[in-house]
Undergrad: 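Have a look at the structure that comes next, please.
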Number of protein chains: 2
Amino acid sequence: MTEELPVRRTQVERRALSRSALIEAAAIRLSAAGYAGLVLEQVARDAGYTRGAVYHQFAGKDELALAVVEWVAGLWDAEVGRCGKDQSEPDEALLAVARAHALFCRRPIAQVMLTLRIEFLGQDHPVGTAVADAVGDLETWCAELITQGRATGRIPDGPPAHSTASAFLAVLEAVGIHGGGQPPHDVELAERAARGVLGLPAVTGP
Amino acid sequence: MTEELPVRRTQVERRALSRSALIEAAAIRLSAAGYAGLVLEQVARDAGYTRGAVYHQFAGKDELALAVVEWVAGLWDAEVGRCGKDQSEPDEALLAVARAHALFCRRPIAQVMLTLRIEFLGQDHPVGTAVADAVGDLETWCAELITQGRATGRIPDGPPAHSTASAFLAVLEAVGIHGGGQPPHDVELAERAARGVLGLPAVTGP
DNA sequence: TTACATACAGACACGCATGTATGTATGGTG
DNA sequence: CACCATACATACATGCGTGTCTGTATGTAA
């Protein structure tokens, strides 16, 4: 059996390692229990530390949650947003985002943003505003795509672009999390919902 | 100015009055703060009582939340589900539900179900299971409508009926709450999303 | 009107989670 | 090797919310 030979690590390595471990553990707990139900003792345990480590790396519960939000937002951008930016046409970009988001939602941490957004909806909490800002940036991006697509006629007319973008993102989150979520169908349902909100015709074919 | 002349009320009247006041206050707080963030002191204050009243009417925090869930579910059924049952064709029923739900979501208490469902997702809490059960009943009802509609050809084929129903309801909740939600457009966006999930063609404007 | 039941307020005790302060081990530097 | 900084653990203090208990006022029935 493998003995626990303590590998010699540099300080920055230790710091980065424990920090990311804490963030990931917090993300999982956060997506399951929400911010109010988040217990730092459990987070530290999950990551293999104690609360001392948490308070050494983060100023408190707020900043830990903030770090989680930043981390997840970055992850989303790298895995989902990127898919949209690779497309040349705005409608294709939005649909690519929808499909990529469905895949993204198969991971347990995907709920984090939705959970926090709902928990802090209509409140004035730093974590809530951070999430709202992140989603807000996405909304404006999607709104721009919608405006472009409508200008070129690839996306039919409809409610104001920003409202449509807001609904578009909300729908993606919802389908990704509660929407049956079975691996074969989640992507199709996400695309269906996206097409519906955007007013695009349903896919016909195999 | 009107003097507070204490109206003579019977015991059952008092009980029912304070009970409903507490439930409504709890619903509002619950939809804003979630279960973990729900503070009974605030609920009692909002309703014009103290925590003594809460613990006299309900066994504890759990049962108060349970009563809220039951109340909201009944309200939804009366205001939204009814619209679906009035329709003769299954696709019309589902779209009617979508539109009625959008209107339902204009009220502050509409978030309750979604908030609690997410908060207790994947946990074993009586409140969570109550919400899950309520939504589960809706899902099976919607799934039956979808199956019927597909049998008669009014609804195109797609993912399994139950997965589709789950996504259908999730989408309605999402659009109703975050979806722009502006009074003129929320109904249209809800119908668009519903049509998309079901695979129905988009409405061609007037 | 006397006696009891119910509706509710106030006060107390407990648990639990956060935040802080102190101690210890490991990495870095002269 | 000596000295300091950093990473982390442990112990302590505090606040806040729940649950319970007791007291008081109002409705109810003999």
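In what follows, every chain begins at residue 1, and chains take the letters A, B, ... in the order their sequences are listed. Computed from a predicted model, the values in this text were never measured in an experiment. Just the heavy atoms: all of them, side chains too, but no hydrogens, waters or symmetry mates, feed the values below.
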Undergrad: For the pair made of CZ in A:Arg14 and P in C:dG27, what is the distance, rounded to whole Å?
TA: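 Answer to the nearest Å: 6 Å.
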
Undergrad: Which letter, B, S or -, goes with each nucleotide of nucleotides 17-22 of chain C from 5' to 3', with contact meaning a protein heavy atom under 4.0 Å?
TA: SBBB--

Undergrad: Regarding A:Arg117 and A:Glu173, does a basic nitrogen lie under 4.0 Å from an acidic carboxylate oxygen?
TA: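 Counted as a salt bridge, because a side-chain N and a carboxylate O are separated by less than 4.0 Å.
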
Undergrad: So do the side chains of B:Tyr49 and B:Val43 get within less than 4.5 Å of each other, counting heavy atoms only?
TA: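 No, their side chains stay 4.5 Å or more apart.
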
Undergrad: A:Arg15 has an atom CZ; how far is it from atom P of C:dG28, in whole Å?
TA: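 Taking CZ of A:Arg15 and P of C:dG28, I get 14 Å after rounding.
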
Undergrad: Mind grabbing the angle between the end helix axes of the helix from C:dT1-D:dA30 to C:dG30-D:dC1? Five pairs an end, 10° rounding.
TA: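 It works out to 0° between the end axes.
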
Undergrad: For C:dA7, does either OP1 or OP2 sit under 4.0 Å from a side-chain N or O belonging to B:Gln57?
TA: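 For B:Gln57, the contact criterion (side-chain N or O under 4.0 Å from OP1 or OP2 of C:dA7) is not met.
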
Undergrad: Less than 4.0 angstrom between a side-chain N/O of B:Ser18 and OP1 or OP2 of C:dA7, yes or no?
TA: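 Checking B:Ser18 against C:dA7: no side-chain N or O falls below 4.0 Å of OP1 or OP2.
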
Undergrad: Quick one: A:Tyr49 OH to C:dT26 C1', roughly how many Å, whole number?
TA: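 My rounded result for the distance is 13 Å.
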
Undergrad: So, B:Thr115 side chain and B:Gln111 main chain: donor-acceptor pair closer than 3.5 Å or not?
TA: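 Confirmed, B:Thr115 side chain pairs with B:Gln111 backbone.
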
Undergrad: Whole-Å distance between D:dA7 P and A:Arg19 CZ?
TA: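 To the nearest whole Å, that distance equals 11 Å.
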
Undergrad: Only one of B:Thr164, B:Asp91, B:Val171 forms a side chain to side chain contact (heavy atoms under 4.5 Å, CB included) with B:Leu198, so which one is it?
TA: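 One option only clears the test, and that one is B:Thr164.
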
Undergrad: Considering only NZ, NE, NH1 and NH2 on the basic side and carboxylate oxygens on the acidic side, decide whether A:Arg29 and A:Glu24 come within less than 4.0 Å.
TA: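 No, no charged N to carboxylate O under 4.0 Å.
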
Undergrad: Taking the side chain of B:His56 as its heavy atoms from C-beta onward, which of D:dA9, C:dA7, C:dG27 lies nearest to it?
TA: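 Within the option list, the nearest is C:dA7.
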
Undergrad: Looking at OG of B:Ser166 and CG of A:Asp186, how far apart are the two atoms once the value is rounded to the nearest 0.5 Å?
TA: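 Between B:Ser166 OG and A:Asp186 CG, I get 11.5 Å after rounding to 0.5 Å.
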
Undergrad: Looking at D:dT10, I'd like to know if its phosphate oxygens (OP1 or OP2) sit under 4.0 Å from a side-chain N or O belonging to A:Thr50.
TA: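 No.
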
Undergrad: Checking B:Arg51 now: which residues fulfil side chain to side chain donor-acceptor pair (under 3.5 Å) with it, not counting sequence neighbours?
TA: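 With neighbours one apart ignored, the set is empty.
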
Undergrad: Should A:Asp77 and A:Arg82 count as an ion pair when the cut-off is N to O under 4.0 Å?
TA: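 The answer is no: the pair does not qualify as a salt bridge.
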
Undergrad: May I ask you to decide if B:Ala53's main-chain N or O and B:Ser18's side chain share a donor-acceptor pair within less than 3.5 Å?
TA: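 It does not hold such a pair.
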
